[in-house]
There are 2 protein chains.
Amino acid sequence: MTARTPDSARDIPEATVARLPVYLRALTGLAEDGTTTCSSEELAATAGVNSAKLRKDLSYLGSYGTRGVGYDVEYLRYQIAREIGVTQDWPVVIVGIGNLGHALANYSGFRSRGFRVVALLDADPDRHTDVVAGLEVRSFEDLEAIVTEHDVSIGVIATPAVAAQSVADRMVAAGITSILNFAPTVLTAPEGVDVRKVDLSIELQILAYHEQRKAVAGSEDVS
Amino acid sequence: MTARTPDSARDIPEATVARLPVYLRALTGLAEDGTTTCSSEELAATAGVNSAKLRKDLSYLGSYGTRGVGYDVEYLRYQIAREIGVTQDWPVVIVGIGNLGHALANYSGFRSRGFRVVALLDADPDRHTDVVAGLEVRSFEDLEAIVTEHDVSIGVIATPAVAAQSVADRMVAAGITSILNFAPTVLTAPEGVDVRKVDLSIELQILAYHEQRKAVAGSEDVS
DNA sequence: GCCGTTTTGTTCTCCCGTTCACAAACTCCT
DNA sequence: AGGAGTTTGTGAACGGGAGAACAAAACGGC
Ligand SMILES: NC(=O)c1ccc[n+]([C@@H]2O[C@H](COP(=O)([O-])OP(=O)(O)OC[C@H]3O[C@@H](n4cnc5c(N)ncnc54)[C@H](O)[C@@H]3O)[C@@H](O)[C@H]2O)c1
Ligand SMILES: NC(=O)c1ccc[n+]([C@@H]2O[C@H](COP(=O)([O-])OP(=O)(O)OC[C@H]3O[C@@H](n4cnc5c(N)ncnc54)[C@H](O)[C@@H]3O)[C@@H](O)[C@H]2O)c1
């Protein structure tokens, strides 16, 4: 009798999509603490957002709460995980096994959140003797074979900035359709390929801007 | 004769602040290529944004272009750097020198973009013998002394999630007013303290969501 | 079986950010 | 000097997201 789309919710706002992983993490935390039920108020506090926003976000997925009671932690956790698509594991390749690539390869948060690193690639032959986090570092030339074999759709770029675009191009040609870029450069990719970036310098510079304003506001008119 | 605020531009929108570092990087790239002048169209293309958006963003800083000509690369670069506050170096402390902390300490992009790592701190005494990137790893207990000595206002957290909030509290108590958090947890901080987070898992999960939608759209009605 | 309490799901309004479109302003050429 | 061509800076329209406020629904007590 519901006039909504029955199970496949349509067009979730991007801002909501970006918060769903936060809710997922908050729910996992609550579950570990033995909490079986929580209100939107509690969950919102744990996730650090407004409770009205949380409820609106969840309403895009469907009606998974119970009025007067709240949400079943485990049930909601599963629904969000299913919506995001992390109920099954996503194979991931990391390209550029330098300082940052090593850290990423050793990051346990991948596995525990629905991602599995299937290969580490580097252009430098000297690196190919290394074994990092139980995986041997392989030649970048193996990219196509690995993508095909493991049906990889997500690639991580941790190479120097100058190499990033060419790596991205190779990834796209090999069939990868989602890229997470750590190199400080703007990547261009064809329609249908999602690119997200993580940029440490930008984050710091944003902090610096606000920091500077605090300093100026503090000194006011010194002359 | 300008009715604008003469030199200290007021309240730049947050979305604009987040893009200024991108423009700064694009301008640095153009300068390295020997370009002395560029139009908003060129710069926008390099930075990967709409040219109207770029012009509006720059208009918040002042009127630094010349109609019919474009922008002087070096001049605009300096103006943005000054606005962000990266014409002088900002001292930074990194707490948690594990996998990620090592990579961050070795990251050359800090120094070249207006930041100087003045100390590496870790709670584990076994780490205190290490020297990373020319800096010895010191005890977390030294935080207050270091913050006071170097007048540090920016702190980076690369500890496990469980420790992040207590580290943040100590930072705030020591006088740090801007925090960049890599731990996958929601931090709370008092008014006046800026907290930004970099969350790898969230980025990947956002990619996974869109990836899943692509897959569903491709298969349509399989039943 | 009914009423009060609790909490969700949703509507409505406001605000911020994006984009279009164009007048103002500058250069260069004749 | 004047006009054609360019490019900036900004006013205005538009769309999306945030938050307040409330109606609908479920539970519990009697
Ligand atoms: N280290 C950090 O904490 C940090 C932080 C933020 C951003 N970044 C960025 O991440 C990237 C990597 O940083 P890093 O410190 O690990 O650098 P790095 O020099 O230590 O490692 C880069 C690795 O990429 C490999 N490589 C180079 N060209 C390649 C190619 N075409 N194909 C495949 N592999 C290639 C190199 O052999 C090297 O192993 C850089 O763009 C850097 O700006 C690093
Ligand atoms: N490794 C990655 O690529 C990666 C990526 C994204 C996020 N993260 C997050 O970054 C954080 C660090 O990751 P990691 O892989 O480097 O972990 P790690 O275990 O290798 O390093 C953590 C370091 O923090 C230190 N530490 C623990 N408690 C502390 C405290 N109270 N005060 C000071 N230091 C303390 C530990 O001694 C250790 O050296 C984690 O929260 C992780 O989830 C890591």
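The chains referred to below are lettered A, B, ... by the order of the sequence lines, with proteins before strands, and numbering in each begins at 1. Quantities reported herein were computed from a predicted structural model and do not represent experimental measurements.
- Two residues, Val69(A) and Arg67(B), neighbour DNA chain D, and the one matched to the more 5' nucleotide by heavy-atom proximity is Arg67(B).
- With no hydrogens or angles considered, a side-chain donor-acceptor pair links Tyr23(A) and Asp57(A) at under 3.5 Å.
- Taking atom OH on Tyr64(B) and atom C1' on dA25(C), their separation rounds to 19 Å, with Å as the unit.
- In this structure, Arg116(A) forms no cation-pi arrangement with Phe110(A), as its terminal cationic atom is not both closer than 6.0 Å to the ring centre and no more than 45° off the ring axis.
- Look at CG on Asp57(A): it is 10 Å from C1' on dA18(D), rounded to the nearest Å.
- Phosphate proximity of dT7(C) to Ser40(A): absent, as no side-chain N or O sits under 4.0 Å from OP1 or OP2.
- Between the side chain of Glu42(B) and the backbone N or O of Ser39(B) there is at least one donor-acceptor pair closer than 3.5 Å.
- Contact between the side-chain N/O atoms of Arg19(A) and the OP1/OP2 oxygens of dA18(D) is found at a separation under 4.0 Å.
- Backbone-only contact: Glu14(A) has heavy atoms under 4.0 Å from sugar-phosphate atoms and none from a base.
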**OP:** Kindly determine whether Glu211(A) and Thr177(B) satisfy side chain to side chain donor-acceptor pair (under 3.5 Å), including the steps that lead there.
**Re:** CA-CA 7 Å; Glu211(A) 201 58 49; Thr177(B) 45; 2.5 Å; yes
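- One finds a side-chain N or O of Ser63(B) lying less than 4.0 angstrom from the OP1 or OP2 phosphate oxygen of dG9(D).
- Contact annotation: Tyr71(A) reaches the phosphate of dG9(C) (side-chain N/O to OP1 or OP2, under 4.0 Å).
- Within a heavy-atom distance below 4.0 Å of DNA chain C, no residue of residues 20-36 of chain A is found.
- The side chain of Ser59(A) lies closest to dT10(C), out of dC26(C), dT10(C), dT8(C).
- One can place CG of Leu61(A) at 10 Å from P of dG9(C), the figure rounded to the nearest angstrom.
- Between Leu30(A) and Cys38(A), the shortest heavy-atom contact is CD1-SG, 4.0 Å.
- Between the side chains of Arg82(B) and Thr87(B), not a single donor N or O lies within less than 3.5 Å of an accepting N or O.
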Please tabulate, one pair per line, each protein N/O and nucleotide N/O from nucleotides 19-22 of chain D that are separated by under 3.5 Å, including the distance.
residue, atom, partner, partner atom, Å
dG19(D), OP2, Lys53(A), NZ, 3.3
dG19(D), O6, Lys56(A), NZ, 2.6

